[in-house]
There are 2 protein chains.
Amino acid sequence: MNLPPLIQAFVLHFGEMGSRWGINRTVGQIYALLYVADRPLHADDIVEALGVSRSNVSMGLKELDTWRLIRRKHLPDDRRDHFTALEDPWAIIRTLAEERRKREVDPTLTVLRDLMLREPANGAERHAQARLGEMTEAIELLTSWADQVQRLPDERIVDLLRLGGGVAKVLEVGAKLKLLPGRKEA
Amino acid sequence: MNLPPLIQAFVLHFGEMGSRWGINRTVGQIYALLYVADRPLHADDIVEALGVSRSNVSMGLKELDTWRLIRRKHLPDDRRDHFTALEDPWAIIRTLAEERRKREVDPTLTVLRDLMLREPANGAERHAQARLGEMTEAIELLTSWADQVQRLPDERIVDLLRLGGGVAKVLEVGAKLKLLPGRKEA
DNA sequence: CCTTGATTTCAGAAAGTTCTGAAATAACAT
DNA sequence: ATGTTATTTCAGAACTTTCTGAAATCAAGG
């Protein structure tokens, strides 16, 4: 790998983080490289910059493509595909979040709902089912919230984030104005 | 493994999910088992229920312990440690979220901040630094929001979740009442 | 419809992780 | 102290994921 030190540090770190974020090291590095690049890169640029095999780059690009985190561009007088990363950091955060949700929470919800429908065979199962119910409820609340917030326009989301802990205050006011749904007690 | 079918299905699923959630399969299974159990279990109960090695259970329990997802209990007339999972599903969700943040976003922020302080050596680095700045800003906004919301009492958080996309409406009202910090334009 | 170069696929090699069994350690009761 | 039972550690086995190089496929220009 032969990159300016600042860029190299970022690329390496993002690669390591990638593994924790469920995208593999190479994919993370490719993404990082495209994200900071000041021009579209083609596959061989990436091979050279990262020192990994051509085929590995090809797989990585394909994966980033299915996640819609990069764009394929054709430059005039060049048959090779060129790639750029989405500019907006929110797009990345959103994509990663959606992707993880699809892989990590949706299947769990499906299983939990299915288990809730079964007839418990004995006391142990009855108890277990009650616990599953509590968990299902919490996860459903969380995901349906996430669903709805994700549909808001970006600026609204940013407003919400800027508000920070201040939501509490706004919630109070909201409650007084009867904007909130009545609280169901457990 | 020899468990009532409903419990077994849950335990197996949670094990698989565990790997995606950054906790390994056995750890996930142990947690799931304790979560639905109607009494505290000791290590050998778990070995028998899951059919994994004693040492694996020991490691798993230790890990869950450091994550504070289980409690160690001493029953009278029994020298063995007994374990229970935290009851409240919110506790689990919170813990997993905090843990992941510690492992997955905080280190990134540290690196990003450090890279932002460096003197760019050339045009490419200058461009890269600008991109890193955008990313840093987005991540900081998100994490500081999460920080503040996590400090709210549980019921406030539940209110917020119940509100769903309705936050938009409340934000409008909040803006009119001058509760929101003025929006800085990019 | 053939040539040339770009891209993708895929089987096996390399690297990384999780799990086990055996041995070491700790904790308690006598 | 000593025996007994519970727990932890750790080296290597088993398994999983990632990466490579060679071969197959694809696409544009003549």
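Proteins come first, then strands; the chains are lettered A, B, ... in the order of their sequence lines, and each starts at number 1.
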Show me, pair by pair, the donor-acceptor contacts under 3.5 angstrom made by side chains of residues 31-40 of chain A, not counting sequence neighbours?
unit_1	atom_1	unit_2	atom_2	d
A/Y35	OH	B/R131	O	3.0

Using whole Å, report how far [atom1] of [X] lies from [atom2] of [N].
| X | N | atom1 | atom2 | value |
| --- | --- | --- | --- | --- |
| A/D78 | C/dA6 | CG | P | 8 Å |
| B/W21 | C/dT17 | CH2 | C1' | 21 Å |
| B/H74 | D/dT5 | NE2 | C1' | 14 Å |
| A/R20 | D/dT18 | CZ | P | 14 Å |
| A/R80 | C/dT8 | CZ | P | 14 Å |
| B/D81 | D/dT5 | CG | P | 17 Å |

*Mind grabbing the angle between the end helix axes of the helix from C/dC1-D/dG30 to C/dT30-D/dA1? Five pairs an end, 10° rounding.*
30°
*Looking at residues at least two apart in the chain, or sitting in another chain, which of them share a side-chain contact (heavy atoms from CB on, under 4.5 Å) with B/L12?*
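Partners of B/L12 under the side-chain contact (heavy atoms from CB on, under 4.5 Å) test: B/M1, B/Q8, B/Q29.
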*Who are the side-chain contact (heavy atoms from CB on, under 4.5 Å) partners of B/S55, not counting sequence neighbours?*
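Applying side-chain contact (heavy atoms from CB on, under 4.5 Å) to B/S55 gives B/S53.
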*Results of salt bridge (charged side-chain N to carboxylate O under 4.0 Å, His left out) for B/D44 - residues two or more places apart only*: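 Once residues adjacent in sequence are excluded, B/D44 has no partner under the salt bridge (charged side-chain N to carboxylate O under 4.0 Å, His left out) criterion.
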_Distance (rounded to the nearest 0.5 Å) between B/L163 CG and A/W145 CH2_ = 10.0 Å
_Let me confirm one number: the CZ-CD1 distance from A/F83 to A/I70, rounded to the nearest 0.5 Å._
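Nearest 0.5 Å value for the CZ-CD1 distance: 5.5 Å.
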*Face-on cation placement of A/R100 at A/W21 ring, 6.0 Å and 45° thresholds*: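 Satisfied, under 6.0 Å and within 45°.
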*Determine, for nucleotides 24-30 of chain D in 5'-to-3' order, which nucleotides have protein heavy atoms under 4.0 Å from the base (write B), from only the sugar-phosphate (write S), or from neither (write -).*
---B---
*Give me the residues of residues 47-68 of chain A where at least one heavy atom lies under 4.0 Å from an atom of DNA chain C, by number, or none.*
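Contacting residues: A/R54, A/S55, A/S58, A/M59, A/K62.
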*For residues 24-42 of chain B, which residues have at least one heavy atom under 4.0 Å from DNA chain D?*
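Result for residues 24-42 of chain B: none.
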What pairs of donor and acceptor atoms, side-chain ones from residues 105-124 of chain B against any protein atom, are under 3.5 angstrom apart with sequence neighbours left out?
unit_1	atom_1	unit_2	atom_2	d
B/D106	OD1	B/R101	NE	3.2
B/T108	OG1	A/H13	NE2	3.1
B/T108	OG1	B/E104	O	3.4
B/T110	OG1	B/D106	O	3.0
B/R113	NE	B/E140	OE2	2.8
B/R113	NH2	B/E140	OE2	2.9
B/N122	OD1	B/A124	N	3.1
B/N122	OD1	B/E125	N	2.8

*List for me each residue that meets side-chain hydrogen bond (donor to acceptor under 3.5 Å, both in side chains) alongside B/R80, sequence neighbours excluded, and say none if there are none.*
B/H42, B/D78
*Side-chain donor/acceptor of A/S58 to backbone N/O of A/R54, under 3.5 Å*: no
*Verify, without hydrogens or angle tests, whether A/Q148 (side chain) and B/G164 (backbone) share a donor-acceptor contact under 3.5 angstrom.*
no
*asked:* Checking B/F10 now: which residues fulfil ring-ring contact (aromatic ring centres under 6.0 Å, His included) with it, not counting sequence neighbours?
replied: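 In terms of ring-ring contact (aromatic ring centres under 6.0 Å, His included), with neighbours along the sequence ignored, B/F10 is linked to B/F14.
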Show every donor-acceptor pair shorter than 3.5 Å between a side-chain atom in residues 59-68 of chain B and any protein atom, with sequence neighbours excluded, or say none if there are none.
unit_1	atom_1	unit_2	atom_2	d
B/D65	OD2	B/R72	NE	3.3
B/D65	OD2	B/R72	NH2	3.4
B/T66	OG1	B/E63	O	2.8

*asked:* By the 4.0 Å heavy-atom rule, please label A/D44 as base, sugar-phosphate, or nothing.
replied: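 The residue A/D44 makes no contact with any strand.
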